[in-house]
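Only one structure is covered here, and it is reproduced in the block below.
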Amino acid sequence: MKSKQNKTLSKFVDYKRFTFVIPIILLALALLVFAIWGVNKGVDYQDSYTYNIFFNTSVTSAEYKNYTKIVKDTIREESNGDFTVVVSKINEDITAGCKVNVINKSNLSDASFEEKLNSINESIKTQLDAQNTTRTVRISDLQFQKAESYSKPLVMGLVSLLVVMAVMFAYFWIRFELKMALGSLIIAPYSAVSVLSLLVLFRIPFTYNFMLPVAFATILAYIFYLMIFANIRTKLLEKNNLTNAGMVYDSIANNKTAFIVFVAGLAGVLVLLMLVLNITYITLLISLLFAMICAIYSGVVLATTMWCEIYKKENDNRLKSRLELMAKREEKEKQPKVKDAQLQEENNLN
């Protein structure tokens, strides 16, 4: 019965050509979209104008939120949505004021944009002065801020991935064996490429934390891989009669409940944090969801398939032949029963 189950389950390993082709297709589509439209740049990677608004008085958290809401709403309304605005703290002391970044997405020239923004700031100052009865607010001069480059976080992220790959390779080699360590080498690069590809394909804005989903997917994939191969190692020590594919799917079946609880728990925590902390960056949640999908594919499907290719267990072919022979015997046993049933039906008709 177990042999039949393993034969039925061993699908993505048997169709390994499709398992390895899917990442290539995903990357090709992402490169095509990138060549045509590039990436969807977030606020951190676009040229903007920045200035500070100093409240010049002590404010509570509620007052700070109200002040910044006035700033954002006024700029959006008076620019008819053509200006993108981001408001942040100047430092951790909210009484200092707030920093405002404004991006010009209209057809206005730089000079017209500055003139329009200065006019809007006069309206903002009037509203804030009405709220702030102790002292009048002060708005600093506009300053042009050049967009940051992707290179620094990208290089740091790639170096971190290489370090993680080396550490995990050594870990799997020491704890398990070389073949399992070799199978793990695909996890980090695929996690990075697949997550970034999905961000490009679905036009998710690239912000300063765009490498966070990559790190999340990589760590999660290694956890899945560890869970599966801890189970496989036990089966190898027991000198079982399972094929490689059989051991993979038996281990997945044994850890299925843990996988579901783990993934559902992470998804629940992410949603809860969004609600409790009032985080409006829904794109980050979507990015982390993509990361979870990529982690499952790279840690469960891709890495195990590669391990099956690397680890050519001696009795694999013999076991597969045995399974095929058993299936043929079962088919032959069924045929006489079918013929007898047909003869009986013909006799009944006559």
Side-chain angles (χ1 to χ4, degrees), residues 23-24 26-31 33-35 37-48 50 84 86 88-92 99 101 103 143-173 181-226 266 269-270 273-274 277 279-299 302-303:
I24 297 173
L26 178 64
L27 178 59
L29 290 173
L31 289 175
V33 171
F34 177 78
W37 295 291
V39 300
N40 184 10
K41 294 181 179 180
V43 174
D44 304 303
Y45 299 105
Q46 297 186 65
D47 294 341
S48 64
T50 181
T84 299
V86 177
S88 56
K89 297 177 183 177
I90 297 176
N91 53 43
E92 291 305 314
K99 179 182 178 181
N101 285 77
I103 299 170
Q143 292 184 347
F144 179 74
Q145 182 170 302
K146 186 70 177 173
E148 295 184 17
S149 172
Y150 291 111
S151 59
K152 185 177 179 180
L154 189 60
V155 170
M156 290 179 63
L158 292 177
V159 170
S160 300
L161 283 178
L162 290 174
V163 172
V164 170
M165 283 178 66
V167 171
M168 295 309 295
F169 178 83
Y171 173 77
F172 283 111
W173 190 357
L182 291 172
S184 72
L185 287 178
I186 199 170
I187 291 176
Y190 176 71
S191 297
V193 170
S194 59
V195 172
L196 294 177
S197 296
L198 289 174
L199 295 182
V200 172
L201 282 173
F202 288 92
R203 312 303 297 157
I204 303 297
F206 274 60
T207 60
Y208 69 93
N209 57 4
F210 74 92
M211 289 299 289
L212 178 61
V214 174
F216 181 68
T218 304
I219 294 171
L220 198 57
Y222 277 123
I223 292 174
F224 291 152
Y225 190 74
L226 177 61
L266 279 175
V269 168
L270 290 174
L273 284 174
M274 291 292 175
L277 299 178
I279 298 175
T280 57
Y281 298 108
I282 189 66
T283 53
L284 179 59
L285 176 61
I286 297 173
S287 301
L288 293 177
L289 179 61
F290 285 156
M292 291 175 66
I293 295 171
C294 294
I296 294 171
Y297 193 86
S298 60
L302 204 61

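Starting from 1, each residue takes its place in the sequence as its number. What you are looking at is a predicted structure, and each value in this text was computed from that prediction instead of being measured.
- At a threshold of 4.5 Å between non-hydrogen side-chain atoms, the residues Leu201 and Leu26 count as touching.
- Taking SG from Cys294 and CG from Leu288, the interatomic distance works out to 11.5 Å, rounded to the nearest 0.5 Å.
- Residues Phe144 and Thr50 have side chains not in contact (no heavy-atom distance under 4.5 Å, counting atoms from C-beta outward).
- In this structure, the separation between OG on Ser298 and CD1 on Ile293 is 12.0 Å, given to the nearest 0.5 Å.
- Ser287 is not listed as a side-chain neighbour of Leu212, based on a closest heavy-atom distance of 4.5 Å or more.
- Shortest non-hydrogen contact noted between Ala181 and Phe172 is CA-CB, 3.7 Å.
- Taking every heavy atom of both residues into account, Ile187 and Ala221 meet most closely at CG2-CB, 3.4 Å.
- With sequence neighbours excluded, no residue forms a ring pair (Phe, Tyr, Trp, His ring centres under 6.0 Å) with Tyr222.
- The two residues Ser48 and Asn101 have their closest heavy-atom pair at OG-ND2, 3.3 Å.
- Side-chain contact check for Asp47 versus Gln145: every heavy-atom pair is 4.5 Å or farther apart.
- With contacts defined as side-chain heavy-atom distances shorter than 4.5 Å, the pair Leu266/Leu220 qualifies.
- Heavy-atom minimum distance, Ala291 versus Ala217: O-CB, 3.4 Å.
- Phe202 pairs by the ring pair (Phe, Tyr, Trp, His ring centres under 6.0 Å) definition with Phe290, not counting sequence neighbours.
- Here Leu182 contributes atom CG and Ser184 contributes atom OG; the two are 7.5 Å apart, rounded to the nearest 0.5 Å.
- Closest heavy-atom contact between Gly38 and Arg203: O-NH1, 2.7 Å.
- Interatomic distance, CG of Leu302 versus OH of Tyr225, reported as 10.5 Å (0.5 Å rounding).
- You'll find the side chain of Val193 stays beyond 4.5 Å of the side chain of Pro23, heavy atoms only.
- Aromatic ring pairs are classed by plane angle as parallel below 30°, tilted from 30° to 60° and perpendicular above 60°; the pair Tyr297 and Tyr190 is tilted.
- Across all their heavy atoms, Leu185 and Pro189 have their closest contact at O-CD, 3.2 Å.
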Exercise for review: Carefully, step by step, assess Leu226 and Tyr171 under the rule side-chain contact (heavy atoms from CB on, under 4.5 Å).
Suggested key: CA-CA 10 Å; Leu226 177 61; Tyr171 173 77; 3.9 Å; yes
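- Residues Val200 and Phe206 have side chains in contact (heavy-atom distance under 4.5 Å, counting atoms from C-beta outward).
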